[in-house]
Amino acid sequence: MPENKRTASGALGGIVGLVGLSAVAGLLVTAAVTPAIAVSGAAASSAITIFDKMPSYLQPDELMEPTTLMAGDRVLAKFYDQNRSPVTFDQVNPVMYDAILSSEDPRYYQHGGVDLIGTTRALLSNASGGETQGGSSISQQYVKNVLVQRCELEARAVEPTDSDPGMTRDEALQKCALEAVQSEGTEGYQRKLQEMRYAIQLEKEYTKDQILLGYLNIANFGGTTYGIDAAARYYFNTPASQLSVSQSAILAGMVQNPNRFRIDRAEGSIFDNDGTAYNKQPDGSIDDVDQGTIQALYTLRDNGEITQEQLLNAADGYSETKGRQLYVLSRMEVDGKITHEQYVAAALEPISPVITPTSQGCASSAAPYFCQYVVSTILSDPAFGTDTDERVRALRQDGLTIQTTLDWRVQDAAQNAMNAYAPQSFDGMKFGSTVVNTESKTGRILAIAQNTKFTQDPGQAEADPSFNSVVFAGDSTNGGSIGFSAGSTFKLFTLVDWLEKGHSLNETLNGRMGPVPNMTNSCTGNYVNMNNDRINNFANNGGYVGTPMMFTRDSLNTGYLQMAAQLDLCDIAKTAKKLGVTRGDGTDITMQYANNVIGNDNVSPIAMAGAYATVANGGTLCQPKVIDKITDNKGADRAIPERTCSPALTPEIAATAAYALQGVMAGGGTGSQGNPRDGTPVLGKTGTHEGWQTWMIESSTNTTTAAWVGNYEGSEDLFRKYWGGRALSDIRYPLAADVQRSSDDFYGGDRFPDPASNLLRTVQRDLPNVVGQSIDSARSTLEGAGFRVSIGDPVDSEFGGDRVAAMNPGAGSAAAGSVITLSPGNGQGGTVPDVSGQPVSSARAAMLSAGFGTVSIGSCERDGNAPAEGRVASTSPSGGTSANKSTPVTLAIVAKDCP
């Protein structure tokens, strides 16, 4: 123990305390330990009274143990306040028991919990101002450790108030530890009395071997290393069962002052090269421990048992620890636990640690961002406790084994793809990328990869954009992200609502560029802020009249705005929610603006993957899941976070939406570059938001991949920046394809169900007559009515080339979306006058007046009653028909005398 100077008053207090403790000890010995020691006096009576009122029963708590995250049979990460691996009695080399008992409690198996001789000697030394001594038996030390751990288990952060500055949890831990081991004066003696009372009771409840093992399993061995097995593995890379005499003596010596005697911090030799003691103290003196080490080694050298060279090597770098080890070895020799030869061999053996750290935290994990998502789940989910402190204890102290859903095969493929296609940072922007792969039918997250290096140091992330602690794939609750604008991947919810309202994929709408159509939202009083009077298509595409099937394939904004105009935006927002998508901050999407239809809300990649998986999975929504099983430190199952799979869409709606989304991945679709082309059917959707965020989401019936690439802060254009010979905007395609291909290899996928026939039907609509209208007016009229228009060759008509002379099919009704051919007039046509029954002269005049300049007599039939010049019976072309004005007109007549 460290030295403490004692004042006269302190010494007097110690003597008084000694008297009281002696009286209590006498009573205890009479009852349970050794023959009585007679004492008397008021001090003794007072001490006895205090002692009698102290609690007498102490139930040791479960040991703090690391919580381990597993992925298959591989450790994903460990978390602990105390690194410990408890062992049974037979899993410790007996020489370790000998070392600890010889140095700490040689009469352990003779006393009943309190070593009166050791306690009295320590109190006399303390009271007289000598070196402070503990005098505690192994049972008492076990009690002290149990109480310290209990304090740490119960330590909580204290929120500041006006009268109390509060404290962090770490400060609370430090406070309780200091109170447990450093109380002086009256508090110190009361603590010692309480330890004694508990120790005696423990010896009635447990065997000596149980208490000794309990002590070795709970004791601190420096830093966060607790328990003999963890210490053996950390310092020597060996289990406790294989500890040597030398190693056992080092560890036994360490428990007196673990951080002073730990051997993972070498501080240099205590000898000069000639064997002269090295002066380490500023005043030229040598530390008492060093002095003891030097003297012990000199004695061995002078006795010829070790050489000068061995003397120089024996304590090199670990002088204080060597001295403590020699003390333990000497006590073992005195107790007959080792021979003198063993003592000499261990004494001259240099301290040679094989430091084998046990890494903890997600930074040490091979899948750090998946790991951090799991940690966020643990710290936020009620399954791990009702408040933050309980959940922190579950993560760092409860010794849980948590089997996660991560599949290393898919995870490795995802990270390899990320490393190949995406930079860790990009000059001039806050560049980020993530890809997540989930199991469609269960919601199990199989992989999360990210372009940045994981850190939990905000300063490092601020200074270097290649570091980040945020899980881009997650949301504000799980991962610390608020999500990213979804772009056209959000069109899924308009598509689903369109189908649920009974509309067909083959209905025809005017998706040409123009003002944003009127929209309503019943959740906001049927008011929608247009926000933009025009919303453009990607690459300034002018749009077209088409069907939802076509709009989905081409990701046509103007087409989807027309679809939304026939729906209620409130229902589209509700569709997003029932498919598991909210904003990244956890609030509901409200669809108050027209551009919400094309995805300007921030959403998480994991949530979007779940929505597309719902479509691919026949309409069943499975909440994202990262934990398959939890067992406690005894191997018993523990409840896992509740995650459900429930119907969100009818199979018919899901199958029809999947049919449309498969078109995206086919040749000509916007997602064809992301198609893994491995023979597994996939559906998918691309998304772009203002050139700042890009997405590729795709899914088989069994697994779903969501890839996001963009600005995690800021608004730099991805389409004008290149890395590895590829535009940043195009990284999403190979990234998603590689990950989906990998998951297809292991999980496969089936053919998607056929779409519902009633949702593919064509619709008959009224076809208005546009003959005589200008071509532009006619086009607008027909497209507004849901038809497509083509322009045919000019036909003979009196109308000029900007007017419709003919339409095919003609006015009446036709299938919605069918093509109507409009034929403009050539201005050279006219209508042949109907001159039947007129005299030939009148008929000829009418033809000339109508512009038909060539008129001749054709056939003639004699009729005595007809006029001499003849009467027109018929014409060719027929009267009332259109014909080019240069066309000759032939008159068939009836005359009294035919020429």
Side-chain angles (χ1 to χ4, degrees), residues 65-81 83 224 357-381 383-385 388 391-419 424 432-439 443-458 460-461 466-481 604-606 609 624-631 638 640-641 643 706 708 712 739:
E65 293 184 47
T67 284
T68 304
L69 306 186
M70 299 294 297
D73 57 0
R74 287 172 57 183
V75 173
L76 179 63
K78 284 179 175 283
F79 298 86
Y80 53 79
D81 286 334
N83 183 30
T224 59
T358 300
S359 299
Q360 70 158 320
C362 291
S364 64
S365 173
Y369 290 99
F370 182 95
C371 171
Q372 186 63 15
Y373 189 90
V374 177
V375 169
S376 295
T377 300
I378 294 171
L379 296 180
S380 63
D381 197 282
F384 295 94
T388 300
R391 295 166 191 161
V392 169
R393 285 199 293 271
L395 176 65
R396 304 189 63 84
Q397 299 176 358
D398 283 0
L400 305 178
T401 298
I402 299 175
Q403 187 67 47
T404 70
T405 60
L406 184 138
D407 185 327
W408 285 111
R409 301 170 300 178
V410 183
Q411 175 66 31
D412 290 344
Q415 194 60 56
N416 288 340
M418 185 66 70
N419 296 342
Q424 291 182 330
S433 178
T434 189
V435 63
V436 58
N437 183 268
T438 67
E439 195 172 33
R444 298 172 71 249
I445 298 177
L446 304 176
I448 297 175
Q450 190 162 312
N451 69 310
T452 54
K453 294 174 284 189
F454 183 78
T455 181
Q456 289 186 308
D457 180 357
Q460 186 178 34
S466 66
F467 285 88
N468 215 305
S469 62
V470 174
V471 183
F472 295 152
D475 54 25
S476 58
T477 299
N478 293 321
S481 172
S604 80
I606 287 176
K625 175 181 180 180
V626 289
I627 296 174
D628 278 337
K629 185 177 182 180
I630 304 174
T631 53
R638 177 167 164 167
I640 66 173
R643 299 291 184 267
W708 165 83
Y712 64 83
V739 177

Quick one: does any side-chain atom of [X] pair with a main-chain N or O of [Y] as donor and acceptor, under 3.5 Å?
| X | Y | result |
| --- | --- | --- |
| Thr401 | Thr68 | no |
| Thr455 | Ser469 | no |
| Gln411 | Ile448 | yes |
| Asn468 | Thr452 | no |
| Gln372 | Val471 | no |
| Trp708 | Val435 | no |

Could you tell me which non-hydrogen atom of [X] sits nearest to which non-hydrogen atom of [Y], and how far apart they are?
| X | Y | result |
| --- | --- | --- |
| Ala473 | Ser604 | O-CB, 3.8 Å |
| Ala366 | Arg74 | CB-NH2, 4.3 Å |
| Gly361 | Ala77 | O-CB, 3.9 Å |
| Cys362 | Phe454 | CB-CE2, 3.7 Å |
| Ser365 | Pro368 | O-CD, 3.5 Å |
| Leu406 | Ala71 | CD2-CB, 3.7 Å |

Worked check of side-chain contact (heavy atoms from CB on, under 4.5 Å) between Thr477 and Ser376: CA-CA 7 Å; Thr477 299; Ser376 295; over 6 Å; no
Results of salt bridge (Lys or Arg N to Asp or Glu O under 4.0 Å) for Asp412 - residues two or more places apart only: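 Salt bridge (Lys or Arg N to Asp or Glu O under 4.0 Å) check on Asp412 returns nothing, list empty.
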For Arg638, salt bridge (Lys or Arg N to Asp or Glu O under 4.0 Å) partners two or more places apart: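 Partners of Arg638 by the salt bridge (Lys or Arg N to Asp or Glu O under 4.0 Å) criterion, ordered by chain and then number, come out as Asp398.
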Any residue meeting side chain to side chain donor-acceptor pair (under 3.5 Å) with Asn419, in chain and number order, not counting sequence neighbours: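 Scan of Asn419 (side chain to side chain donor-acceptor pair (under 3.5 Å), adjacent residues dropped) gives Gln415.
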Pair Ser481, Tyr712: side-chain N/O donor-acceptor within cut-off below 3.5 Å: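 Note: Ser481 and Tyr712 side chains miss the donor-acceptor criterion.
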Any donor-acceptor N or O pair under 3.5 Å, side chains Asp81, Gln397: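 A pair is found: one side chain offers a donor N or O, the other an acceptor, under 3.5 Å apart.
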About how many Å separate [atom2] of [Y] and [atom1] of [X], when rounded to the nearest 0.5 Å?
| X | Y | atom1 | atom2 | answer |
| --- | --- | --- | --- | --- |
| Met418 | Thr434 | CE | OG1 | 5.5 Å |
| Thr438 | Leu446 | OG1 | CG | 7.0 Å |
| Ile378 | Phe79 | CD1 | CZ | 7.0 Å |
| Ile627 | Arg444 | CD1 | CZ | 12.0 Å |
| Met70 | Leu400 | CE | CG | 13.5 Å |
| Thr67 | Leu69 | OG1 | CG | 8.0 Å |

From CA spacing to verdict: side-chain contact (heavy atoms from CB on, under 4.5 Å), Ile445, Ile606: CA-CA 9 Å; Ile445 298 177; Ile606 287 176; 3.7 Å; yes
Flag side-chain contact, heavy atom, 4.5 Å: Ile640 against Arg643: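 No, too far: nothing below the 4.5 Å cut-off.
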Side-chain touch Gln403/Ile630, heavy atoms, less than 4.5 angstrom: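 No, too far: nothing below the 4.5 Å cut-off.
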Residue of the set Thr377, Val374, Val626 for which side-chain contact (heavy atoms from CB on, under 4.5 Å) holds with Thr404: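 Answer after filtering Thr377, Val374, Val626: Val374.
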Full working for side-chain contact (heavy atoms from CB on, under 4.5 Å) between Arg396 and Gln360: CA-CA 10 Å; Arg396 304 189 63 84; Gln360 70 158 320; 3.3 Å; yes
Working for side-chain contact (heavy atoms from CB on, under 4.5 Å), residues Leu379 and Phe384: CA-CA 7 Å; Leu379 296 180; Phe384 295 94; over 6 Å; no
